[in-house]
2 protein chains.
Amino acid sequence: MTVEVGLRERKKAATRAALSAAANRLAVELGVEHVTVEAIAAAADVSPRTFHNYFSSREEAIVASIVDWADRLTDELEKRPADEPMWDSLQRVFLDSVDESPDGHARLIRQLEMIKANPAVIASQLSALETMRRRFAETIAARTGTDASIDLYPHLIAGAAGHAVKTAMDLWALGQHDRPLRDLIAEAFTLVRAGLPQPDPSRS
Amino acid sequence: MTVEVGLRERKKAATRAALSAAANRLAVELGVEHVTVEAIAAAADVSPRTFHNYFSSREEAIVASIVDWADRLTDELEKRPADEPMWDSLQRVFLDSVDESPDGHARLIRQLEMIKANPAVIASQLSALETMRRRFAETIAARTGTDASIDLYPHLIAGAAGHAVKTAMDLWALGQHDRPLRDLIAEAFTLVRAGLPQPDPSRS
DNA sequence: CGAAAAGTTGCAGAGTCCGCAAAACTGCTG
DNA sequence: CAGCAGTTTTGCGGACTCTGCAACTTTTCG
């Protein structure tokens, strides 16, 4: 699958990418409320009607990059050695996906801020993350010999890992920290893997 | 707060409740796609324009009962003894909130099915749960001496607990189990509290 | 009672989203 | 390479969502 490279499929993928890129860029630049489907379609050189053949809502197009990211992550996860402990695989895959360049950081922060500013986009983001979570659960189930339609484990660990990363990013984007994002993510993983023991009140 | 009981506040609360109840009922009965704002407003005896004074979207009204549930849970959580371990408090509050009557079960299943059937409602549900998560994190931070704008802990445990319950419910609603919902929730909590250790491949 | 404050309603307007059918395009096959 | 079958794009029409605004009604309180 995903190996058909006819002109047709390539064009479709290109159109989809152009639409989501345009949607995302315009949302960051102008603010979500000031972006219309018409403007997105124009920026991607297709008709407004075509936009709706690819995305069922403006918000979906804006957060489509999350879905792409999730697809890449799922692939990476599947490539990890089968005997690696699940938590190690998850941590590795997420940590490796973080772009640590200053430019990447700036972009990520602008993204998170744009998303946070609009409830409808937040909702779409959560949907995208939920989709990722489900895909992860399937992969994890296959690897751990569990069944995603019966066992809690694959869903719980996929959710815990995803939520750890999201929490670390959200907190990091608040800018109250000077710690690198990687450190925060690693700490979040450590806490969750330890079962989130009650923090020591004497600390700090 | 929440102690003003003037006629005005009571009427507002009643209108809001009537709208969300009507929205929810119609969505379950007819399916989300066949419910219009006009119909919801008519069922609650107000104008369509008034509907939008209370809810910013149809989906928000449909899942408003989740927000109410979250409010009650937050209150319950705040009432738990301050020296009870956090995990115990969370588990207690969630388990106590589950209506175990056959009628309650049937309603819950219909709810979950209605939500699952429509992407826009799923997104709204996730938003509502995210709001609950944030409120929980604040309460937990206050109790554990952590800071919700800096520390990972309160967000992680609130998310882990909420996700454990959601996962248990979703899996339970699939109907592959004959185990009671309470058991599933309790097991989910146990797994998460133990840090989600790799399951034993030799089991079953 | 009588004003101030708050809530409700209708209307107009911008915009979303979808179904449908015609037109344009791609990939084959003869 | 002509032509056909399958796919995608597009315009149009229509139903519906959502918001600002201004008038109107109701509640509150001095």
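Numbers restart at 1 for each chain; the letters A, B, ... are given by sequence-line order, proteins then strands.
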(message) Taking B:Asp75 first and then B:Lys79, would you say they form a salt bridge - that is, a charged N and a carboxylate O separated by under 4.0 Å?
(response) no
(message) Salt bridge check, A:Arg133 against A:Glu130: does any charged N sit closer than 4.0 Å to a carboxylate O?
(response) yes
(request) Taking only the side-chain nitrogens and oxygens of A:Tyr54, find out if one of them lies under 4.0 Å from OP1 or OP2 of D:dT9. (result) yes
(message) Between A:Lys12 and D:dT8, is there a contact of a side-chain N or O with OP1 or OP2 at under 4.0 Å?
(response) yes
(request) Go through the side-chain N and O atoms of B:Asp99 and B:Ser101 and say whether any donor and acceptor fall under 3.5 Å apart. (result) yes
(message) Quick check on side-chain hydrogen bond (donor to acceptor under 3.5 Å, both in side chains): which of A:Glu78, A:Glu84, A:Glu76 does A:Arg80 satisfy it with?
(response) A:Glu84
Closest nucleotide among [options] to the [X] side chain:
{"X": "A:Lys11", "options": "D:dT19, D:dT9, C:dC25", "value": "C:dC25"}
{"X": "A:Arg49", "options": "C:dT16, C:dG19, D:dC21", "value": "C:dG19"}
{"X": "B:Ser47", "options": "D:dC18, C:dC17, C:dG10", "value": "C:dG10"}
{"X": "A:Thr36", "options": "C:dC17, C:dG15, C:dT9", "value": "C:dG15"}
{"X": "B:Val37", "options": "D:dT9, D:dT17, C:dT8", "value": "D:dT17"}

Distances under 3.5 Å only, N/O to N/O: pair up the protein atoms with those of nucleotides 21-23 of chain C.
none

(message) Has A:Arg58 got a side-chain atom pairing as donor or acceptor with A:Val35's backbone, closer than 3.5 angstrom?
(response) yes
(request) Please figure out whether B:Ser57 or A:Thr50 has its closest DNA chain D nucleotide nearer the 5' end. (result) A:Thr50
